[in-house]
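Shown next, in structure tokens, is the structure this report addresses.
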Number of protein chains: 2
Amino acid sequence: MSTTKKRSECPISSSLDIWGDKWSLLIVRDLMFSKQCTYGDFLKSEEKIATNILASRLQMLEDNGVITKQEHPESKAKVLYKLTQKGIDLLPMMIEINLWADKYFTLPPDRKEMLNELRKDKEGFIKQKREELAASIS
Amino acid sequence: MSTTKKRSECPISSSLDIWGDKWSLLIVRDLMFSKQCTYGDFLKSEEKIATNILASRLQMLEDNGVITKQEHPESKAKVLYKLTQKGIDLLPMMIEINLWADKYFTLPPDRKEMLNELRKDKEGFIKQKREELAASIS
DNA sequence: TAATTTTGCTTGCGTTTTGCAAGTGCAAAT
DNA sequence: ATTTGCACTTGCAAAACGCAAGCAAAATTA
């Protein structure tokens, strides 16, 4: 499962080898918006990922250094998932996806507003968000 | 086949509904580098996409307005595929994928050099490339 | 202390998608 | 007239997906 065989040396291809499916980037999205999530939190997302698919994607992302598991401060039964630096570095890409989607889809008002905010100072927005996320890496 | 059912209103999710797989963005990549490709050109790419998968992805991307078919100027037997404006607008995202991959993978020297060039003036690079691609939309 | 619920998964199994090979139809070249 | 090139389509086995149920450990409740 963790054997990631690259199809080529192309950066796009290598990237898709890791997160090129319908679910992985939704996990990354949840972590970028919420900073940290439990297994149950991911299951609650509106796209309704199947629990076995979630487990396999979390494993894949962890194997590839995009996310990490940490123990929950309040409970041993819970597991906290967080973005690594490698995961945080997906932020600019995630933002460009948002901007593209904003041009061609109808987005929820709150998302649209956030993107308008972003457009005023993209670099500043990214820097701040990056710091926020990095702060939660222990 | 062309029934694109959105899983949610989330921009990331909606985007993944279209090109969230291991192959679609490789097709977009080929078109961004080469401006236009025939069916056979895509098959020649080093990732070796299967011919039936290629056909289904081209259909999907066309249905969703990311690429268009055009007749080849030299031959009726050939078909030219090109990016639409919607496809060209994926450029910033594709560049961010490249930059991310450059940080975490070993890229071929020519790609690495292109990215160093890009980093000197990202906006300028994007603008120029955008114009190049737009020029080939008839 | 015992029973119940929560949490993070795993397992089974039918359906869908993938990947490989071979085949088809039309256009162009020989 | 026949062969070759090009853009697909078809068949089929293997893998991945998606849904439901199950499970062990931890936490909560009785």
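Quick caveat: nothing in here was measured; it's all calculated off a predicted structure. We name chains A, B, ... by the order of the sequence lines, and we start the count at 1 in each one.
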Does a nitrogen or oxygen in the side chain of [X] sit under 4.0 Å from OP1 or OP2 of [N]?
X	N	value
A:Tyr81	C:dC9	yes
B:Trp23	C:dG19	yes
A:Ser75	D:dA27	yes
A:Arg57	D:dC17	yes

Assign A:Lys48 to base, sugar-phosphate, or nothing according to its heavy-atom contacts below 4.0 angstrom with the strands shown.
nothing

Checking all strands, does B:Thr51 fall into the base, sugar-phosphate, or nothing category for heavy-atom contacts under 4.0 angstrom?
base

Considering only C:dG8, D:dA7, D:dA26, which nucleotide approaches the side chain of A:Ala77 most closely?
D:dA26

Which nucleotide in the set D:dA7, D:dC19, D:dT9 lies at the smallest distance from any side-chain heavy atom of B:Ala55?
D:dT9

Quiz question: by atom type and distance under 3.5 Å, do the side chains of A:Asp41 and A:Tyr81 form a donor-acceptor pair?
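Short answer, no.
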
hydrophobic_cluster_shared for B:Phe42 and B:Leu80, side chain cutoff 4.5 Å
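No; B:Phe42 is not reachable from B:Leu80 via cluster members.
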
Which sits closer to the 5' end of DNA chain D, A:Ile53 or A:Lys76, going by the nucleotide each is nearest to?
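Here A:Ile53 is the residue nearer the 5' end.
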
For A:Asn52 and A:Glu74, find the nucleotide of DNA chain D closest to each by heavy atoms; which residue's nucleotide sits nearer the 5' end?
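Upstream on the strand: A:Asn52.
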
For B:Met60 versus B:Ile18, what's the shortest heavy-atom pair and its separation?
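For B:Met60 and B:Ile18, the tightest heavy-atom pair comes out as CG-O, 3.9 Å.
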
Sole residue of B:Ile67, B:Leu25, B:Leu31 in side chain to side chain contact (heavy atoms under 4.5 Å, CB included) with B:Leu61:
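In the set B:Ile67, B:Leu25, B:Leu31, the residue that makes a side chain to side chain contact (heavy atoms under 4.5 Å, CB included) with B:Leu61 is B:Ile67.
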
Could you state the atom-to-atom distance from NZ of B:Lys22 to P of D:dA16 in whole Å?
10 Å

Nearest whole angstrom, please: distance from the P of D:dA16 to the CD of A:Gln59.
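It is 15 Å, rounded to the nearest whole Å.
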
